[in-house]
Protein chains: 2
Amino acid sequence: MAKLKISRDSLLPPMANFVLENGLAPASLRPLAKAAGTSDRMLIYHFGSKERLIEDLLEYIADIYADAIDQSFGGERVTTRQECLERVMAFTAKAEMQPFMALWWEIVAGATHNKPGYLEAGRSMIWLLLNWMKTQLPIDDPDPEGGARYLLTMIEGALMLRAVGCDEIARAGLGNADLGAA
Amino acid sequence: MAKLKISRDSLLPPMANFVLENGLAPASLRPLAKAAGTSDRMLIYHFGSKERLIEDLLEYIADIYADAIDQSFGGERVTTRQECLERVMAFTAKAEMQPFMALWWEIVAGATHNKPGYLEAGRSMIWLLLNWMKTQLPIDDPDPEGGARYLLTMIEGALMLRAVGCDEIARAGLGNADLGAA
DNA sequence: ACAAGTATGTAGCACTTGCTACAATATTGG
DNA sequence: CCAATATTGTAGCAAGTGCTACATACTTGT
């Protein structure tokens, strides 16, 4: 029964869990410490400041996000961009992805207010999704790079509209898209 | 020199100003009161609670947003959807619109966390923009309703990508769009 | 004029925030 | 073993949070 050594690495997982469940707004030191089974005192000791803690935490969460994407690989290749769009929309709508979606808008808001670490975390998540999407496009797609960027733009727009209760607009919007090289 | 009667209507403008300049995060009672030249005590007196104050404030800001859109009417009609998209992108990139853009992501984040008033404010702003965009489409557009929704979806996606420092993806995405009926 | 509301100032409460001082223990290298 | 270092607990601070109690005014309708 070796006592687990407490370190950044052992503290990050439960804190990431807390943030994915409750968002960043209530993620102050004492609730985070409670979730990790320590005290605010120790969080400062291990991370130096809340600011650096959050930076590390966002980075760690981006890694979790990467794993979640990796695990949803596989399944046979798709034959049209339309089909690909539907698959990605379905992926982002999965129940296990909802905590990330909820967190996502806080990250975007934080990035526009120049909170340290937010922009980096947001950007890395976008690039992950973009690269993953390229692997989802039809094999014979004439322009996977451009196609993926186009689809990603549409998808993010649709997700935002969904977030403010305008799903209908997004649905009509997606339906009206001529998806370039089909 | 009649003393101006202090009321909700006279308090909202300076508070809206404060929120557009500083965002919603630092908009606690005392800073808001200071911006409006009163005390937190009076804000509670006039609005009942901070929750209701923010609801009213978001509604009021949505009205300001509507005015800003109205004022940018005019200019001759455009002849292609592509041109329309560029015009709307230019509109949302205007300096005077940036406070709204910064505030926007806080509203979206708040909406996903069910903060009262946020979803309503966000939705009304989206519909305003959508309706305005319909007036910007080419007169001979075969499907202004669907076209506007499609363009709006693209635009919101591009704005989000821009917010997390992925402008390049958005530009490529917009460039790859086949804009339906041109 | 007088009672009844309306409006406002001053103080404060109970709580949370990030963070620190101080002391105690655990671990480890010589 | 013993000294240095790493880790942790307890307590607290100064500031900020939404909100309230209480005492004033200032304006009304009668």
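The figures that follow rest on heavy atoms only: side chains count, while hydrogens, waters and symmetry mates do not. This is a predicted model, so every value here is computed, not measured.
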Quiz item: What distance do Asp56(A) atom CG and Glu51(A) atom CD have between them, rounded to the nearest 0.5 Å?
Solution: 11.0 Å
Quiz item: Take atom CD in Glu168(B); do more than 12 heavy atoms of anything else shown fall under 6.0 Å from it?
Solution: yes
Exercise. Look up atom CE in Met89(A) and atom CD1 in Ile155(A), then write down how far apart they are to the nearest 0.5 Å.
Key: 6.5 Å
Exercise. Specify the residues of residues 35-43 of chain A, ordered by number, for which at least one heavy atom lies under 4.0 angstrom from an atom of DNA chain C.
Key: Asp40(A), Arg41(A)
Quiz item: Nearest 0.5 Å, what's the CG-CD1 distance between Asn131(B) and Ile126(B)?
Solution: 11.5 Å
Quiz item: Would you call the rings of Tyr65(B) and Phe100(B) parallel, tilted or perpendicular, where under 30° means parallel and over 60° means perpendicular?
Solution: tilted
Practice problem: Using a cut-off of strictly less than 4.0 Å between a heavy atom of the residue and any atom of DNA chain D, enumerate the qualifying residues of residues 45-52 of chain B by number. | Solution: Ser49(B), Lys50(B)
Exercise. For Arg8(B) and dA7(C), give me the distance from atom CZ to atom C1', rounded to whole Å.
Key: 15 Å
Quiz item: Given axes from five pairs at either end, by how many degrees does the helix from dA1(C)-dT30(D) to dG30(C)-dC1(D) bend, rounded to 10°?
Solution: 0°
Exercise. Would you mind reading off the distance between Arg30(A) atom CZ and dC13(D) atom C1', rounded to a whole angstrom?
Key: 11 Å
Quiz item: What about Leu58(A) and Tyr60(A), same hydrophobic cluster or not, with Ile/Leu/Val/Met/Phe/Trp/Tyr joined at side-chain heavy-atom distances under 4.5 Å?
Solution: yes
Quiz item: Given atom CD1 of Ile44(B) and atom C1' of dG9(C), what is their separation to the nearest angstrom?
Solution: 16 Å
Practice problem: Report yes if a side-chain nitrogen or oxygen of Ser28(A) is closer than 4.0 Å to either non-bridging phosphate oxygen (OP1 or OP2) of dT16(C); otherwise report no. | Solution: no
Quiz item: Is it true that a side-chain atom of Gln71(B) and a backbone atom of Ala68(B) form a donor plus acceptor pair closer than 3.5 Å?
Solution: no
Quiz item: For Val19(A) and Leu24(A), which heavy atoms make the closest approach, and how far apart are they?
Solution: CG1-CD2, 3.9 Å
Quiz prompt | d(CG, Leu53(A); C1', dT17(C)) in whole Å | solution = 15 Å
Self-check item: Interatomic distance, Ile44(B) atom CD1 to Leu29(B) atom CG [nearest 0.5 angstrom]
Solution: 4.5 Å
Exercise. Whole angstrom is fine here: how far is it from CG in Leu29(B) over to P in dT16(C)?
Key: 17 Å
Exercise. Give the minimum heavy-atom separation between Trp105(A) and Ala163(A), together with the two atoms involved.
Key: NE1-CB, 3.8 Å
Quiz item: Going by an N to O cut-off under 4.0 Å, is there a salt bridge joining Glu83(A) and Arg87(A)?
Solution: no
